[in-house]
Amino acid sequence: MSEARNLRKTTYRLYPTPKQAVALDALLRSHQQLYNAALEERISAWSKAGTSISYADQCKGLTLLRHDLPEWADAANCSSQQMTLRRLDKAFAAFFRRIKAGQTPGFPRFKSLGRFPGFSFKSHGDGWRFTPEEGWRHGSLRLSGVGQIRARGQARQGGDIRASDILHRDGRWYLSLTVAVASPERTRQADGALAYDWGVERFLSGVTHSGELENIDNPRWWQQEKEQAIRLQQAVSSKSNKRSNRRKKAVRRLAAARAKVARKRLDWAHQQTAALANKYALVATEELTLKNMTRSAAGTVEEPGKQVAQKAGLNREILDTAPGLFTSLFRYKVLETGGEWVDAPTRKLKPSQRCPQCWHVAKKQLSQRMHCCEQCGHQENRDTASARVVLRWALESISGQELAETGVYGSRETPSFATQRIGWSSS
């Protein structure tokens with residue numbers, strides 16, 4: 001019986017020589033031109049003949065193109081070019097899916113070189129090969145037509161290399177590997193339970209099974225770099241000639257500053273989630289729909305919205321905290337350590353409106369940051385009260401049930417995880 005394996009992404013930074021950088025730029029340009037040509041073919045076929053062209057049709061056309069024009073065959077690996085066609089096919093599939101769902105369609109667009117993220121490869125060894133060093137710390141990438149490129153980075157866990165993406169961001173090259181790793185032994189390292197509520201004023205307001213508070217302040221990355229970001233943005237805006245070298249340099253400086261903030265945010269999220277995942281075996285939070293939370297307040301032409309500037313500022317602060325990234329990192333780390341992750345249904349439970357003491361529901365304005373129950377008189381910070389509601393709901397939901405997904409909490413005849421391992425009771 002073969003062991004279960006999971007696919008995981010790991011990223012290395014590439015350090016090409018000047019000659020290799022020129023070859024990588026040429027590869028990126030050829031894939032960008034192929035993407036745009038394939039998009040033009042689909043648009044023309046539909047507008048002129050009402051014909052829909054599929055991914056398989058374009059792969060056959062690519063074979064003929066490589067046969068008739070040797071420069072296209074020499075430009076890039078065939079399977080890599082097929083991956084670029086696949087990317088376009090996925091863009092059209094998403095376009096039709098959004099139409100069917102009644103959402104804003106977002107028709108696939110032509111890509112400039114600056115907006116083309118990179119190119120991909122399929123099977124390991126087909127035009128590329130990555131050789132990791134000991135412990136998967138650093139390594140080298142052998143790329144057809146480019147040569148051996150030095151790579152620096154650290155994979156959390158090695159495995160079978162399946163595919164790769166060569167990415168170009170902010171003037172730097174990166175290798176994103178898809179690796180099949182063995183499923184870890186899911187042994188729980190902690191017995192605690194935590195429920196948390198995310199916010200802007202305080203990034204994380206958590207409550208543990210013992211009633212202790214677990215709070216994390218908001219780093220406010222935008223506020224830290226606000227002055228520099230505004231100055232760099234003004235430098236770009238002041239240069240009217242979009243093709244001038246001075247404007248290109250200003251754009252690169254702005255992109256580098258934003259990338260630095262993004263790396264700091266990601267590193268901070270990794271550190272915080274790793275520390276919390278090692279402390280708690282059960283983590284619960286409410287489901288969040290960021291798309292709805294960051295919706296513009298502009299309204300319509302007939303009914304224009306109010307306080308548009310204030311809502312735009314709030315949206316910027318919400319996106320600056322990257323709650324989706326934090327939750328994603330936190331979830332997989334909890335599951336990797338053999339813990340249990342619970343998403344509380346926000347619409348049904350209404351954690352921010354419900355009293356954790358008497359379970360009474362009363363609507364609150366967003367500006368009301370203290371929970372004051374009109375029935376039982378319970379008072380505390382609104383986010384903390386919401387976390388208590390989620391924790392109580394999560395523990396009651398799993399009480400008396402076997403957590404079969406982890407397979408470590410015993411049978412239904414034994415006390416539940418909530419009562420046996422934590423000693424919590426709903427009373």
Side-chain angles (χ1 to χ4, degrees), residues 9 28-59 61-62 80-120 163 165-170 174 176 178 222 233 236-237 242 251 254-255 258-259 262 265-266 287-305 308-309 311-328 346-347:
K9 289 280 190 178
L28 182 66
R29 189 176 297 107
S30 70
H31 281 278
Q32 175 243 353
Q33 292 172 349
L34 175 63
Y35 183 95
N36 288 339
L39 175 57
E40 175 63 30
E41 182 185 28
R42 290 197 179 210
I43 294 175
S44 298
W46 180 258
S47 61
K48 295 178 180 178
T51 303
S52 179
I53 297 181
S54 66
Y55 165 71
D57 295 332
Q58 293 197 311
C59 283
L62 176 64
S80 178
Q81 290 176 332
Q82 289 176 352
M83 292 295 286
T84 297
L85 296 179
R86 173 65 74 184
R87 176 181 295 173
L88 177 63
D89 188 62
K90 288 181 178 179
F92 270 98
F95 166 71
F96 290 117
R97 173 180 52 79
R98 288 190 292 267
I99 289 180
K100 188 175 181 180
Q103 302 172 350
T104 303
F107 190 81
R109 298 188 300 177
F110 292 97
K111 302 284 187 179
S112 66
L113 193 61
R115 289 184 177 272
F116 196 74
F119 47 95
S120 306
D165 299 293
I166 310 298
L167 307 175
H168 187 247
R169 295 197 299 259
D170 309 320
Y174 298 90
S176 178
T178 301
W222 161 251
Q233 182 63 62
V236 173
S237 302
K242 293 186 177 182
V251 169
L254 176 60
R258 288 175 173 172
R265 183 187 292 112
L266 178 61
E287 297 174 340
L288 295 176
T289 307
L290 295 178
K291 183 177 180 181
N292 295 339
M293 295 170 61
T294 56
R295 186 174 295 163
S296 172
T300 63
V301 176
E302 294 78 13
E303 297 182 7
V308 177
K311 185 62 169 68
L314 176 60
N315 290 348
R316 182 172 58 243
E317 292 292 337
I318 291 174
L319 295 173
D320 184 49
T321 61
L325 170 67
F326 184 89
T327 301
S328 176
T346 304
R347 291 181 178 273

**Student:** Could you tell me which non-hydrogen atom of Trp222 sits nearest to which non-hydrogen atom of Asp320, and how far apart they are?
**Tutor:** N-OD2, 3.0 Å

**Student:** With distance as the sole test, does Ser328 use its side chain to make a donor-acceptor pair with the main-chain N or O of Gly324 at under 3.5 Å?
**Tutor:** no

**Student:** Show the nearest heavy-atom pair for residues His31 and Ser80, with the distance to one decimal.
**Tutor:** CE1-OG, 3.0 Å

**Student:** Main chain of Glu287, side chain of Thr346: is a donor-acceptor contact present, judged purely on distance under 3.5 Å?
**Tutor:** yes

**Student:** Could you pull out the closest heavy-atom pair between Gly106 and Arg98, with the gap in Å?
**Tutor:** O-NH2, 3.0 Å

**Student:** In this structure, are over 12 heavy atoms from other groups packed under 6.0 Å from Lys90 atom NZ?
**Tutor:** no

**Student:** Assess, by modelled atom type and distance only, whether the side chains of Glu40 and Ser44 contain a donor and an acceptor separated by less than 3.5 Å.
**Tutor:** yes

**Student:** What closest approach, in Å, do Ser52 and Trp46 show between heavy atoms, and which atom pair accounts for it?
**Tutor:** N-CE3, 4.1 Å

**Student:** Just checking, is any N or O donor in the side chain of Arg86 or Gln58 under 3.5 Å from an acceptor N or O on the other one?
**Tutor:** no

**Student:** Can you measure from OG1 (Thr51) to CG (Asp57) and round to the nearest 0.5 angstrom?
**Tutor:** 9.5 Å

**Student:** What I'd like to find out is whether the side chain of Arg169 reaches to under 4.5 Å of the side chain of Pro117, using heavy atoms alone.
**Tutor:** no

**Student:** Thinking salt bridges, do Arg258 and Asp170 make one under a 4.0 Å N-O criterion?
**Tutor:** no

**Student:** Please tell me if the side chains of Gln82 and Tyr55 come closer than 4.5 Å, counting only heavy atoms from C-beta onward.
**Tutor:** yes

**Student:** Are Arg42 and Asp89 within salt-bridge range, i.e. N to O under 4.0 Å?
**Tutor:** yes

**Student:** Report yes if the distance between the aromatic ring centroids of Phe92 and Phe107 is under 6.0 Å, otherwise no.
**Tutor:** yes

**Student:** To check you understand the geometry: which heavy-atom pair defines the closest contact between Leu254 and Val236, and what is its length?
**Tutor:** CD2-CG2, 4.2 Å

